[in-house]
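As structure tokens, the structure follows; a few thoughts come after it.
Letters A, B, ... are given to chains in the order of the sequence lines, protein chains preceding strands, and every chain is numbered from 1. As a basis for the values below, the full set of heavy atoms in this structure was taken, side chains included, without hydrogen atoms, waters or symmetry mates.
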Amino acid sequence: MSKNYTRMGDGSPVELTDAELRKDLEDGANDAADRGKVPSLTEEDYKYLMELFQRKDRFVGVDVGNEVVLTYDEGTLKLKRHALLEDRLQALTIYERLFGADTIELCHVDYSYKPVKPIVGYEQGSLEMALLMTHAPLLYGAMPNLGLYTQPDGPCPNPMELLPQGKIKEARESYEAIIKDSVKDIVFASAAMHESGADGINFDTVGASGDPDFLASLLAMEQLTTKYPGMAIEMGMAGEFVLGTHGDLYYDGTRLAGLYPHGQVVLAEKAGATIFGPVVNTNTDRSIPWNLARTVVFVRACSKAAKIPVHANMGMGVGAVPVWDYPPVDVLSRASKALVELCDLDGL
Amino acid sequence: MGMAIAHAQASGMGGMRTAGDLVARVQLAKGLRIREAKQYVADRLHISVIDLVDPVIMSEVRAELGLGIMMPLGKTPKGVECKFNIERLLGFEMNCLKTFKVNAGLA
């Protein structure tokens, strides 16, 4: 019996028989359908995915005509972390002219709105220079990163220390104060970069601190798009599920804790998002076929619920990409193709 | 970085090798989904949608219209110069040119 070469969620190689492959696809898809209360895969989808993993190609791609637009998080930071001796402006031109990037993103090495605030004038100067020498749409990106607002680094008591002590009321009050501070910082930095000419703002890794993080981003987006009608904002999520670290936060009457991507995108639209980036986490103990089938179910439901463009997150550890800094192209390209073609995506 | 390159090869439009940057601009400015955004750009360029991802056809189109090309030699539009041509072609105001126009005394 021939076996199909693929990988586990941590990137390690594994061989699956056809029966094992089909079972992993069904288990992954049904797990997502059960958790998200959304439709699972169809027999046609299983046929597509079986063929995709049975192929011997080292690299695959979408059919001609199915190409989508790519946006990036931590754009200029990803070259810097390889210890390359380049400036951020050079990094942008490398993305644009060597990597085939449809968009480019400028960012600060401490990729969060709070640390950008005191140096925003320098960031504006860099962005304005970059706009002179590049051609592709240039976004400015950072994370809400509410963790930076807790003591001793920030002004507010740490809810993660209060909660184990049973101080639920105090923890919630702290989160509510953090939301107010973070919204001010996100709006301040984003407005400055927009006024300098950024083609878009990227709110990245939204929800990393749970429902307060998601709410802060929605409120900041609402303020920005009210002040600057037509301002482009991409919202990329941190995880598939909004953690209820506060547990009692609402936006437009919807409770944030527990929302999956198809619920998140609806609120992002209401708040004024231009592009939404859903995340589905990769499980390292399961195979990539299991993870990919699961991701397709969640992301397809999100894409169907969306009116705005959906750019699924497909970096290391999300979107059925292995949790490995240099994901092998055999599984990465399969995930890229399947997600675009099965989920009717607008971008990655 | 292999990840960004692999996605660009597997699923991306190709950036300024093709019309990927133009379609991305339309998505960002108008919030259009991919099919509508591609059709918008194709209509403005008077080419078919499938041509948008063809680097041979798009290189010629971009050179002719001054939209920025991969190897810009002498006397060819570069950087912000191309953005003026892109703005005129796409038919909407681009945020990246607003501050430039003020600073350059053009607005």
Side-chain angles (χ1 to χ4, degrees), chain A residues 59-62 64-72 78-79 82 95-97 99-103 128 131-139 194-200 230-232 234 274-275 306-310 314-316 321 326-327 329 332-333 336-337 339-340 344-348, chain B residues 1-38 49-50 52-55 62 67-72 77-83 86 92-101 103:
Chain A
F59 191 92
V60 300
V62 296
V64 174
N66 288 347
E67 297 86 349
V68 294
V69 165
L70 304 184
T71 46
Y72 302 82
K78 282 177 176 162
L79 283 182
H82 288 70
Y95 264 93
E96 176 184 87
R97 284 165 232 174
F99 293 176
D102 300 306
T103 63
E128 289 172 18
L131 288 171
L132 298 178
M133 56 196 277
T134 56
H135 307 76
L138 175 56
L139 288 85
H194 174 76
E195 289 187 5
S196 273
D199 291 298
M231 180 179 182
E234 177 169 15
T274 313
I275 295 174
K307 295 187 185 73
I308 58 174
V310 174
M314 295 197 72
M316 185 271 288
V321 175
Y326 312 103
V329 294
L332 182 140
S333 63
S336 195
K337 174 180 169 67
L339 229 60
V340 167
D344 208 15
L345 286 182
D346 308 283
L348 299 174
Chain B
M1 287 323 304
M3 191 153 48
I5 297 167
H7 277 307
Q9 294 300 314
S11 306
M13 285 200 68
M16 61 182 292
R17 287 166 52 86
T18 59
D21 59 325
L22 307 179
V23 174
R25 275 199 188 282
V26 172
Q27 270 202 348
L28 285 163
K30 294 181 171 289
L32 295 180
R33 301 201 70 167
I34 192 72
R35 286 189 189 83
E36 290 76 24
K38 284 181 177 177
V49 169
I50 202 76
L52 295 174
V53 290
D54 188 314
R62 295 187 77 107
L67 308 180
I69 54 176
M70 297 303 291
M71 289 188 281
K78 302 170 191 68
V80 70
E81 297 162 345
C82 301
K83 289 181 179 176
I86 292 170
F92 55 79
E93 189 174 37
M94 298 187 339
N95 193 53
C96 59
L97 290 179
K98 283 183 189 169
T99 301
F100 179 88
K101 287 175 184 171
N103 291 347

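Using a 4.5 Å cut-off between heavy atoms, N103(B) touches chain A through its side chain atoms alone. In this structure, chain B has heavy atoms under 4.5 Å from both the backbone and the side chain of M316(A). For chain A, no part of K30(B) is nearby; none of its heavy atoms comes within less than 4.5 Å. Contacts of I50(B) with chain A are made by side-chain atoms alone, with heavy-atom separations under 4.5 Å and no backbone atom involved. Using a 4.5 Å cut-off between heavy atoms, V60(A) contacts chain B through its backbone alone, with no side-chain atom that close. Contacts between N66(A) and chain B at a heavy-atom distance below 4.5 Å involve the backbone alone (N, CA, C, O). Heavy-atom distances place the side chain of L70(A), and not its backbone, under 4.5 Å from chain B. Heavy atoms of S196(A) lying under 4.5 Å from chain B belong exclusively to its backbone. With a 4.5 angstrom heavy-atom cutoff, K98(B) does not touch chain A via any of its atoms. Residue contact with chain B, scored on non-hydrogen atoms closer than 4.5 Å, involves the backbone and the side chain of L132(A) alike. Only the side chain of V321(A) comes within less than 4.5 Å of a heavy atom in chain B; its backbone stays farther off. Using a 4.5 Å cut-off between heavy atoms, V49(B) makes no contact with chain A at all. Contact of L52(B) with chain A is not made at all, since no heavy-atom distance falls under 4.5 Å.
Considering CE of M13(B) and OG1 of T103(A), their distance stands at 12.5 Å, rounded to 0.5 Å. Atoms NE2 and CG, from H7(B) and D102(A) in turn, are 13.0 Å apart once rounded to the nearest 0.5 Å. Here M133(A) contributes atom CE and K78(B) contributes atom NZ; the two are 13.0 Å apart, rounded to the nearest 0.5 Å. Here M94(B) contributes atom CE and D199(A) contributes atom CG; the two are 6.5 Å apart, rounded to the nearest 0.5 Å.
Taking every heavy atom of both residues into account, L139(A) and L28(B) meet most closely at CD1-CD1, 4.1 Å. Between R25(B) and P137(A), the closest heavy-atom pair is CG-CG, 3.3 Å. In plain terms, the two heavy atoms of M3(B) and P327(A) that are nearest each other are SD-CG, 3.5 Å. Closest heavy-atom contact between H135(A) and I86(B): O-CD1, 4.5 Å. The nearest pair of heavy atoms linking A198(A) to N95(B) is O-ND2, 2.7 Å. Residues T99(B) and E128(A) approach most closely at CG2-OE2, 4.3 Å, considering heavy atoms.
The closest side-chain heavy-atom distance from L32(B) to P309(A) is not below 4.5 Å. With contacts defined as side-chain heavy-atom distances shorter than 4.5 Å, the pair L131(A)/V80(B) does not qualify. In this structure the side chain of T274(A) never reaches within 4.5 angstrom of the side chain of Q27(B), judged on heavy atoms.
Considering only heavy-atom pairs separated by less than 4.5 Å from chain B, the leading option among H194(A), E195(A), K337(A) is H194(A). The residue among V310(A), I308(A), L345(A) with the most heavy atom pairs within less than 4.5 Å of chain B is I308(A). Ranked by non-hydrogen atom pairs under 4.5 Å with chain A, the options A29(B), G12(B), A8(B) are led by G12(B). Ranking M70(B), R17(B), M16(B) against chain A, the residue ahead of the rest is M16(B), based on heavy-atom pairs under 4.5 Å. With respect to chain A, the highest number of heavy-atom pairs below 4.5 Å among V53(B), L97(B), L22(B) belongs to V53(B).
Atom NZ of K101(B) has more than 12 neighbouring heavy atoms from other residues, nucleotides or ligands inside a 6.0 Å radius.
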